[in-house]
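Given the structure is predicted, the values throughout are model-derived calculations rather than measurements. Computation of the quantities below employed the complete heavy-atom set of this structure, encompassing side-chain atoms and omitting hydrogens, waters and symmetry-equivalent molecules. Order of appearance sets the numbers: ligands from 1, and atoms from 1 within every ligand.
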Amino acid sequence: MNILIVGCSAAGTAAIEAVRTYDWKSSIVQLSDERDPLYSRCLLPYWLSGAIAEEGLRYRDASFHRDMQVTLHEGKRAVRLNAQSQHVVCNDGSIYPFDRLLIATGSSAKLPDNIPGDIGGVCTLRTRADAEAIRECAVRAGGAVVLGGGLIGLKTACALGESGMETTVVMKSDRVLSQMIDREASRIITGRLRTRKVGVLEGSDCSGIHHREGRLVAVVTDQGRTIPCELLIVAKGVRPNVSLAEGTGIAVRSGIVTSATMQTTQENIFAAGDVAETYDIAREEYAVNALWTCAVQQGRVAGLNMIGRKASYDGAVGMNALNIGGIPLIAYGMTNPREESGCRVLIHGKRESALYRKIVLKDHRIRGIILLGRIDDAGVLLSLIRQRTDVSAFEEELMSSQFNFAGLLRNVGKTVIDAYQSS
Ligand SMILES: Cc1cc2nc3c(=O)[nH]c(=O)nc-3n(C[C@H](O)[C@H](O)[C@H](O)COP(=O)(O)OP(=O)(O)OC[C@H]3O[C@@H](n4cnc5c(N)ncnc54)[C@H](O)[C@@H]3O)c2cc1C
């Protein structure tokens, strides 16, 4: 069987590993329009700040494709898909036939219409090449603005602040990481960021920029503020790279529509990662979850189904673990339930010591958590979520600083511990 994978990052790599777990006979060809694939995008901000070296970005060994017996074509862009005759055409006219195709083309950064992308100092952060361009600009820049307070924007702002640059986050929302955390956790984080050269302007947007001789000199906000800066990172969300599927009969909504097997609406064609729309368990609707862990899980399921092994993707749950300005943060699932959702919300916070703990329960099962500052029992809580454990016998104890393995053993016995240790 000929397997063709377009895109070489989290989803594509996971699919290869899933296929090769069982099948060394099928041929695998992979196309990537990047020249240096197999690095972790999530780590780019840490490379920007100098916290990790170049080698630290690597996601798999340099011998990965050889070891997995995959023919990788770098610098090749797939531009057309013929679903009926089962082939893909690249920008150089080369043609790749397939029996099974995985579209793992990820997403691209959005650039609003009022921000010209050809002005020196205006950047987005998606690829290693983008990170290199930002590094070059940062050498000359006295100040930076990051537009967007989501995951990518905030991580980038922290990196710039840590490398000594005065940085301002401009964002429409009333809190940072609005998809992940609530207002109180956001307050703690922004307080910490302010001590690290990163200011946050909530409820603001960029209404335009000033430039001189083709280079950025200032950002203007819709609240009338002018912020002098030589570097602007636009991090206002991502757009799934669906163009390969368009006009082929494959259904596309917010991303390429997929079933639980990660198959698209065309037989033998699968999609996974940032490009794919899947069921979102916490939001209870179909959506694109542009997260590394989701891309890996979906790529794995796609890989297995491509070789006829039954696997199913239950749905995405937003989960993230990061360190913002020295504060560890783990957020999972439904962290901001609507009032009418019938959820019980347990909160314990100490703003002055940057500690915050929130657990969202529904029908005595944990549906979401925010752990800020203290995350040592995150594994146990995540295990309770994954096992869908009924926690009614120890709901109150969940908020205790003593909550740990011993408490769990007393309450639910060994099953949950075993599940945690094998996860
Ligand atoms: C700066 C940054 C920080 C992040 N931090 C986090 C984090 O902390 N936690 C988290 O969960 N997620 C994070 N993410 C998101 C995470 O990186 C993505 O969810 C993940 O990379 C998606 O993987 P993917 O395989 O679907 O696609 P991508 O990683 O986007 O890769 C797709 C690949 O396909 C290539 N491609 C696209 N179109 C074509 C074509 N037509 N032909 C050939 N090749 C093509 C692309 O160039 C790219 O190499 C971060 C992202 C960025 C940019």
Side-chain angles (χ1 to χ4, degrees), residues 4-16 29-49 57 59 72-81 88-92 94 96 101-110 123-131 134 146 148 150-160 177 179-180 233-235 237-246 255-256 258 262 271-276 278 288-300 302 316-324 329-332:
L4 179 63
I5 299 177
V6 184
C8 179
S9 181
T13 305
I16 291 171
V29 172
Q30 192 171 30
L31 308 174
S32 172
D33 63 359
E34 288 196 67
R35 288 271 170 209
D36 45 10
L38 279 187
Y39 60 90
S40 168
R41 268 170 236 293
C42 308
L43 297 179
L44 288 173
Y46 305 112
W47 180 71
L48 258 186
S49 71
L57 286 176
Y59 180 50
L72 170 68
H73 297 283
E74 291 175 307
K76 277 222 186 200
R77 185 162 188 78
V79 290
R80 210 167 55 250
L81 161 64
V88 160
V89 183
C90 283
N91 51 344
D92 59 358
S94 50
Y96 293 90
L101 168 69
L102 174 63
I103 304 176
T105 47
S107 57
S108 305
K110 283 185 197 162
C123 305
T124 55
L125 178 56
R126 185 76 210 164
T127 63
R128 203 158 100 166
D130 294 340
I134 293 171
V146 174
L151 184 61
I152 296 176
L154 213 63
K155 283 175 76 172
T156 309
C158 282
L160 294 171
L177 300 171
Q179 309 270 341
M180 285 170 63
I233 317 281
V234 182
V238 293
R239 180 173 30 81
N241 295 323
V242 295
S243 62
L244 207 53
E246 279 167 344
I256 296 177
T258 56
M262 302 313 300
D274 283 11
V275 75
T278 60
V288 171
N289 264 281
L291 292 172
W292 186 274
T293 42
C294 296
V296 170
Q297 288 161 5
Q298 293 166 16
R300 187 172 173 279
V317 182
M319 144 90 190
N320 242 301
L322 54 155
N323 190 301
I324 295 282
L329 164 69
I330 289 186
Y332 183 97

Distance-only, no hydrogens or angles: does the N289 side chain make a donor-acceptor pair with backbone N or O of A316 under 3.5 Å?
-> no
### Query
What protein heavy atom is closest to atom 19 (O) of ligand 1, reported as residue, atom name and distance in Å?
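Sorting protein heavy atoms by distance from atom 19 (O) of ligand 1 puts D274 OD1, 2.8 Å first.
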#### Entry: Member of R77, K76, H73 meeting the side-chain hydrogen bond (donor to acceptor under 3.5 Å, both in side chains) criterion with D92
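In the set R77, K76, H73, the residue that makes a side-chain hydrogen bond (donor to acceptor under 3.5 Å, both in side chains) with D92 is K76.
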Please work out, at 4.0 Å between heavy atoms, whether the side chain, the backbone, both, or neither of [X] comes within that distance of ligand 1.
X    : answer
V275 : neither
A109 : neither
L322 : neither
K76  : backbone
A104 : backbone
V6   : side chain
L291 : both
S9   : both

Does ligand 1 have an atom under 4.0 Å from some heavy atom of [X]?
X    : result
I152 : yes
L125 : yes
Q298 : no

Correct closest heavy-atom pair for Q30 and I16 would be OE1-CD1, 3.4 Å
For T258 against A276, the heavy-atom pair lying closest together: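 Smallest interatomic distance, heavy atoms only, reads CG2-CB, 4.0 Å.
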Value for OG1 (T278) from CD1 (I256), rounded to nearest 0.5 Å, stands at 12.5 Å
Option nearest [atom] (shortest heavy-atom distance, choices [options]):
atom                    : options              : value
atom 15 (C) of ligand 1 : G7, S108, A290       : A290
atom 24 (P) of ligand 1 : G150, A14, S243, A11 : A11
atom 29 (O) of ligand 1 : R80, R41, M319       : R41

- Message: Suppose I only count heavy atoms of A295 and a 4.0 Å limit; which atoms of ligand 1 are within that range?
- Response: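 Numbered from 1, ligand 1 contributes 22 (C), 23 (O), 26 (O).
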Taking only Lys NZ, Arg NE, NH1 and NH2, and the carboxylate oxygens of Asp or Glu, determine whether D274 and R126 approach each other closer than 4.0 Å.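 Yes.
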